[in-house]
Amino acid sequence: MLDRYEPAEFEPKWRKRWQEADLFAARIEEERPKFYVLDFFPYPSGAGLSVGHVRNYTITDVVSRLKRMQGYNVLHPMGFDAFGLPAENAAIKARRHPAAMIDEFAATYRRQMDLVGLSYDWSRSFKSSDPDYYRWTQWIFEVLYRRGLAYRKHADVNWCPKDKTALANEEVVGGLCERCGTPVEKRAIPQWFFKITEYAQRLLDDLDDLDWPEGIKQMQRNWIGRSEGVQFRMRLEWHAGDKTPVGAPAQSEAGDDELRRLEAEVRAEAAPDPAAEEKARQIASKFASASEDVLTGAGMSQALAEFDKWADQFEVKRADAPDTFEVFTTRIDTIFGMTFCVLAPEHPLVETIKRRVDPARRTEIETYQAMARAESDASRQSEDREKTGVFTGAYAVNPATGRTVPAWIADYVLMGYGTGAIMAVPAGDQRDFEFALKFGLPVAPIQEPDDEWLRANATSQSGDLLADYLAEPKNFKGAFVSKDRPLINAKEYTGMAFGEAATALGEWIEACGLGERKVQYRLRDWLISRQRYWGCPIPVVYGQDGEEFLVPEGQLPVELPDVDNYEPSDDGSSPLSRIPEFVNATTPDGRLGRRETDTMGGFACSSWYFLRFIDPRNDQAPWDKRLAAEWMPVDCYVGGAEHAVMHLLYARFWTKVLFDEGLVSVKEPFKTLRNQGQVLGHTPYRRPREGERLDVGEDGILISRDEASTLPTDDVTWKWVRMSKSKGNVVTPDEAVEQFGADALRLFELFIAPYDADVQWDSEGMSGTARFLGRALRFVSEFADGFDRDWRSKIVAKGGGVSGDVRRATHQAILKATEDIDRFAFNTYVSGLMICLNRLMELKRSATGHEDEATAFSEAVECLALLLAPGAPHVADEMWEGLGLEGFTLDARWPVADPELARDDTVTIAVQVNGKLRDTLGMHADADREAMEAAALSSEKIKAQLEGKTVRKVIVVPGKLVNVVAN
RNA sequence: GCCCGGUUGGCGGAAUGGUAGACGCAGCGGACUUAAAAUCCGUUGGCAGCAAUGCCGUGUGGGUUCGAGUCCCACACCGGGCACCA
């Protein structure tokens with residue numbers, strides 16, 4: 001056994017022995033509880049691992065090793081998320097085939113993981129690009145399809161012109177492509193979606209019971225975005241241009257626009273026929289004269305009915321379009337304050353409106369629609385953007401007041417949420433308020449704001465701000481948003497606050513058949529199609545008429561063909577579409593078909609890998625249900641917070657579907673989730689030179705360390721940024737192990753900060769953990785000769801003197817290590833070991849050579865090796881062997897502390913006067929209150945402090961402190 | 001704007017409402033050495049003082065409490081997420 005930490009001399013030996021003993025294979029032994037420890041599924045990048053990745057893997061490794069030693073059946077697997085854009089983009093850049101490249105990268109990962117002694121069961125490893133794996137990804141796709149949860153729709157998608165691929169909403173950041181920063185455009189392509197929205201409520205509800213960071217749960221809740229409200233129907237009314245005053249009663253006059261439209265419609269349809277031309281003129285004149293007198297109220301509908309009759313003779317039909325639309329609101333109580341309504345530019349009703357309004361308006365609407373479509377999400381989402389929109393010429397009837405409000409289109413209303421149309425209540429909604437202000441629309445007060453708000457938002461000095469507000473809310477700075485103030489101008493609902501009014505109005509709407517109370521989610525369906533080569537093929541074949549057929553289960557997997565050129569084509573179709581042997585397929589009924597050429601996005605692959613680890617070589621089923629019931633859920637799942645929403649939500653969704661299908665016994669895949677903090681590297685930047693453009697989100701130009709050393713120090717700005725190959729700031733485990741050793745690296749990763757805090761990497765710190773390991777080895781080796789492996793039978797239950805102190809230090813360390821790992825306090829786990837060793841070394845110096853001491857130290861060194869084992873397994877096994885013990889520490893039992901032995905006999909009591917520390921006293925730990933008080937009051941220092949004061953009260957906390965309150 | 005985190009010595013950090021700064025890095029002093037490295041011992045929040053000791057001190061301002069880094073309120077700054085979601 002070495003008496004110093006020379007890692008190169010023994011760490012490789014232990015790794016080899018572990019491997020030869022197949023030490024890390026997961027075993028299922030009856031009567032042992034199970035523990036499933038998992039890391040996020042890594043994409044093996046060409047840069048290899050950084051010490052940042054190793055931090056993640058060390059955490060799970062410590063947990064895994066502890067649980068194993070505590071007698072659990074531990075499953076601790078590792079595999080690779082090989083499919084997807086990062087791999088494909090890297091392959092394209094390197095002009096290599098992604099499969100070969102990924103194999104190489106994964107091998108590097110494996111080598112580096114082995115290098116730091118991670119205890120993965122590699123016999124279970126796989127890559128998501130293995131046909132044996134993605135066969136089952138396709139199989140699960142078919143499960144979703146059969147359950148109606150996979151569907152294809154033609155939809156606008158985010159299109160990245162650089163990556164030439166459609167992006168999921170989650171991959172667009174601020175309107176820019178998440179990966180390359182290119183502004184995203186819109187394109188309509190048929191795409192596959194998973195109906196995750198159907199599970200929105202369950203995904204929300206089941207969050208409550210998960211042991212996850214609150215922040216992550218909150219982010220998922222926000223992402224799902226549940227809101228309760230009312231969806232109701234509004235009817236359009238037609239008015240004469242802008243002349244009709246807003247707020248006119250419904251059923252008002254029909255106007256010229258309507259007549260002109262009818263005339264034009266007939267002319268257009270009947271133009272080739274001179275006779276029809278004549279009839280059209282007759283219609284026009286009839287309606288022209290009618291408009292003078294009869295076309296009010298019921299007269300209008302009568303006239304339209306008559307037109308329909310006439311038109312039938314010419315085989316001309318009135319445009320068959322709805323003239324109602326639905327709106328969703330969470331604030332139905334404010335409906336009396338609706339002064340206009342807004343449709344999304346893409347709303348289907350806009351097409352109807354366009355046909356019915358006068359041509360000038362129609363042009364305006366179309367111009368606006370074109371603008372809204374062309375405008376990228378980037379500018380649409382840019383900050384404090386001015387509201388835009390146009391009046392359509394149409395009016396809608398507010399069902400609560402029976403009065404008309406103008407209908408506008410504006411892009412601040414999104415087609416993708418709710419109904420794509422809103423009732424606008426500018427007095428109570430900031431967005432509507434801004435819109436009203438910009439376009440001169442009226443604002444009707446709905447509540448009386450409180451004085452504080454009035455003062456803060458007034459734009460002028462006035463004696464009676466409330467009167468001013470009620471006269472013209474637009475003179476104030478914004479909308480008054482409140483659920484607490486009673487309503488005004490709200491008919492019989494006046495005086496009610498939000499809760500009461502919303503219930504009453506909801507009931508009223510439902511009673512009228514106008515609509516219903518409804519829950520709306522912000523969550524959108526999961527877009528799965530990628531027009532890319534390097535992904536899991538979607539197992540669908542289309543018939544001649546476009547019918548969809550699932551590829552029969554027996555024919556799975558649909559294998560990704562080997563191709564030479566896997567770059568996407570400029571038209572955006574997958575390279576697979578250029579391979580006739582792939583595309584040409586037979587439908588299950590034996591006809592000629594065309595294979596789907598899109599592949600699935602990478603999140604599909606990572607939504608079930610944790611299940612495959614349970615039974616990775618099964619070729620009859622994705623996994624054995626009994627084994628899944630045995631191992632699931634994952635007990636401890638650790639990874640970066642950047643996957644807070646997407647991966648975790650999708651994996652939860654699939655698990656629920658698989659639960660519904662009876663394939664898994666749990667509704668949630670990950671019982672406990674922890675996010676480790678990022679490891680940041682010191683990274684040099686310089687100011688941009690003339691003509692240089694900054695990358696998205698950067699405020700300097702990234703430079704290399706070499707370049708930084710050539711520049712004047714004033715020109716270089718050092719920043720702490722996440723380690724990545726692209727930033728050139730990666731510290732690899734290889735160099736860390738080379739310089740300090742695997743165990744020093746592991747302990748340092750744990751010690752440097754709480755596991756969830758970001759850390760600024762400084763390799764110098766590793767010298768501390770390396771020194772500690774050296775001291776520990778030396779300490780143990782000095783006891784190796786005198787080590788008594790039968791210490792258990794000789795040990796004195798509760799000795800005094802040095803041996804008692806040794807046992808106390810040992811059992812305190814056991815207690816602390818066990819608790820700390822359990823509560824994820826790895827930094828104090830390591831410091832606890834240091835404290836223990838420091839104490840033992842001190843005690844060794846004061847040892848008297850008594851026989852009890854040898855026994856106590858034997859216990860101490862054996863425990864020290866065991867306590868070190870999860871964090872520093874090489875050193876632990878080296879000690880274990882050095883003490884003449886057999887096997888590996890991983891197979892030994894984790895020590896159990898005796899709290900009685902760990903307890904201190906004497907404690908230091910703090911003595912305070914009025915809460916300020918004035919003295920400390922050493923006392924027996926069992927000293928009672930009276931003894932403590934007496935001791936405190938007899939202290940010279942305390943007496944001095946109490947000079948001239950009267951003791952009012954003495955607070956005694958046994959074993960801790962005495963506080964004398966005096967004045 | 002909204003939702004989460006965070007702010008403690010020169011640095012990383014520790015501290016179930018009970019002695020703030022454990023443990024480590026860096027620094028300083030010393031031992032060993034011809035010397036250096038390695039190792040070991042000691043020391044290290046600030047101010048005043050020869051010292052004993054005193055005062056100050058956990059982003060800021062209030063509050064609760066015998067007692068607050070810890071709990072409550074308000075604010076500032078930093079980081080992350082969402083962002084016209086009706």
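Here is the naming used below: chain letters follow the sequence lines, and residue numbers restart at 1 for every chain. Because only heavy atoms are used, hydrogens play no part in the values below, and waters and symmetry mates are left out as well, while side chains stay in.
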Sugar-phosphate only, base, or nothing, as touched by Thr769(A) at under 4.0 Å among non-hydrogen atoms: nothing
Within 6.0 Å of CD in Gln201(A), more than 12 heavy atoms from elsewhere: yes
Nucleotide A22(B), atom C1' - distance to CD1 of Ile752(A) in whole Å: 18 Å
Nucleotide of A26(B), A14(B), C23(B) approaching Pro754(A) most closely (side-chain heavy atoms): A14(B)
Value in whole Å for how far the P atom of C78(B) lies from CH2 of Trp720(A): 20 Å
P-based separation of C28(B) from U44(B) [nearest Å]: 16 Å
Rounded distance in Å - CZ (Phe751(A)) to P (A22(B)): 11 Å
Spacing between Leu777(A) atom CG and U39(B) atom P, to the nearest angstrom: 13 Å
Check ion pair Asp926(A)-Arg903(A) (N to O, under 4.0 angstrom): yes
Arg775(A) side chain, from C-beta outward: closest of A14(B), C41(B), G24(B): G24(B)
d(CE, Met423(A); P, C84(B)) in whole Å: 20 Å
Atom-pair distance (CH2 on Trp223(A); P on C4(B)), nearest Å: 18 Å
Touch class at under 4.0 angstrom, heavy-atom based, for Leu961(A) against every strand present: base
Proximal nucleotide (of A22(B), A20(B), A14(B)) relative to the Ser831(A) side chain: A22(B)
Nucleotide forming a Watson-Crick or wobble pair with C75(B), both distances under 3.5 Å: G59(B)
Sugar-phosphate only, base, or nothing, as touched by Lys941(A) at under 4.0 Å among non-hydrogen atoms: sugar-phosphate
Base paired to C2(B) (Watson-Crick or G-U; both N/O distances under 3.5 angstrom): G81(B)
Touch class at under 4.0 angstrom, heavy-atom based, for Gln912(A) against every strand present: base
Touch class at under 4.0 angstrom, heavy-atom based, for Asn963(A) against every strand present: base
Sugar-phosphate, base or nothing in reach of Ile955(A), heavy atoms under 4.0 Å: base
Pairs: protein N or O with nucleotides 28-33 of chain B N or O, under 3.5 Å:
none

Sugar-phosphate, base or nothing in reach of Thr920(A), heavy atoms under 4.0 Å: base
Distance-only polar pair, side chains of Tyr412(A) and Asp432(A), donor-acceptor under 3.5 Å: yes
Touch class at under 4.0 angstrom, heavy-atom based, for Lys916(A) against every strand present: sugar-phosphate
Separation of atom CD in Gln220(A) from atom P in G80(B), rounded to whole Å: 20 Å
Residue matched to C11(B) through Watson-Crick or wobble contacts both under 3.5 angstrom: G24(B)
Who pairs with U39(B) - Watson-Crick or G-U, where each distance is under 3.5 Å: A31(B)
Sugar-phosphate, base or nothing in reach of Val965(A), heavy atoms under 4.0 Å: sugar-phosphate
Touch class at under 4.0 angstrom, heavy-atom based, for Arg952(A) against every strand present: nothing
Sugar-phosphate only, base, or nothing, as touched by Arg4(A) at under 4.0 Å among non-hydrogen atoms: nothing
Arg674(A) to Phe824(A) six-membered ring, cation-pi geometry met (6.0 Å, 45°): yes
Paired nucleotide for C66(B) [Watson-Crick or G-U wobble; both distances under 3.5 Å]: G18(B)
Sugar-phosphate only, base, or nothing, as touched by Asn838(A) at under 4.0 Å among non-hydrogen atoms: sugar-phosphate
NZ or CZ of Lys387(A) within 45° of Phe435(A) ring axis and under 6.0 Å: no
Under 3.5 Å, sequence neighbours excluded: what are the donor-acceptor pairs made by side chains of residues 830-842 of chain A?
unit_1    : atom_1 : unit_2    : atom_2 : d
Ser831(A) : OG     : Thr828(A) : O      : 3.2
Asn838(A) : ND2    : Met834(A) : O      : 3.4
Arg839(A) : NH1    : Glu842(A) : OE2    : 3.3

Length of the line joining Glu749(A):CD and G24(B):C1', which is rounded to integer Å: 15 Å
Candidate list Leu343(A), Val413(A), Leu441(A), test side chain to side chain contact (heavy atoms under 4.5 Å, CB included), partner Trp408(A), passing option: Leu441(A)
Touch class at under 4.0 angstrom, heavy-atom based, for Thr329(A) against every strand present: sugar-phosphate
Plane angle bin for Phe476(A) and Trp453(A) - parallel if under 30°, tilted between 30 and 60°, otherwise perpendicular: parallel
Touch class at under 4.0 angstrom, heavy-atom based, for Arg839(A) against every strand present: nothing
Ion pair check, Lys438(A) and Glu386(A), cut-off under 4.0 Å: yes
Sidechain N-carboxylate O distance under 4.0 Å for Glu326(A), Lys518(A): no
